[in-house]
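So the structure is just underneath, and the comments pick up after that.
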Amino acid sequence: MTIGATVNRMVEGFVQAAATELPRGVRINCLSPAVLAESAADLPSFPGFTPVPAHDVALAYLRAASNPCNGRILTLHPTH
C-alpha cells in the first residue's frame, strides 16, 4: 500500500506542476478511479475500497477530456 500511495502522489504532483508550464491550450489532469469492479481478482488487495464500474470510469475520462479544467486531480467515487 505504501508504494502505491507514493506513486499516486508522484503522479498527482507531476500533473499539478506540469499544468503550470504547458503552452496555452494544452491541458493535463489526473483521474483517480480507486479500484475497478471488473478486477475481481484484485479486490482482496483493496480492503475498504468500494469498487467502481469501468463504464463509470470511461464516462469520467470523457467528462475530463471535454471540461476546460487543468492541473486537477479528479477523484471518482462509486455511484451507489
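Residue numbers run from 1 in the order of the sequence given.
- Residue Val52 is not grouped with residue Leu62 when hydrophobic side chains (ILVMFWY) are merged at heavy-atom distances under 4.5 angstrom, including chains of intermediate members.
- Linking ILVMFWY side-chain heavy atoms closer than 4.5 Å, directly or via other members, places Leu59 and Val57 in two distinct hydrophobic clusters.
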Which atom pairs, donor and acceptor, lie under 3.5 Å between side-chain atoms of residues 32-41 and protein residues at least two apart or in another chain?
| from | atom 1 | to | atom 2 | distance (Å) |
| --- | --- | --- | --- | --- |
| Glu38 | OE1 | Ala54 | N | 2.9 |
| Glu38 | OE2 | Ala54 | N | 3.3 |

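- In terms of heavy atoms, Arg27 sits closest to Ala65 at NH2-O, 2.8 Å.
- Shortest non-hydrogen contact noted between Ala64 and Asn29 is O-ND2, 4.4 Å.
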Please set out all donor-acceptor pairs under 3.5 angstrom arising from side-chain atoms of residues 69-76, sequence neighbours excluded.
| from | atom 1 | to | atom 2 | distance (Å) |
| --- | --- | --- | --- | --- |
| Asn70 | OD1 | Ile28 | N | 2.8 |
| Asn70 | ND2 | Ala19 | O | 3.4 |

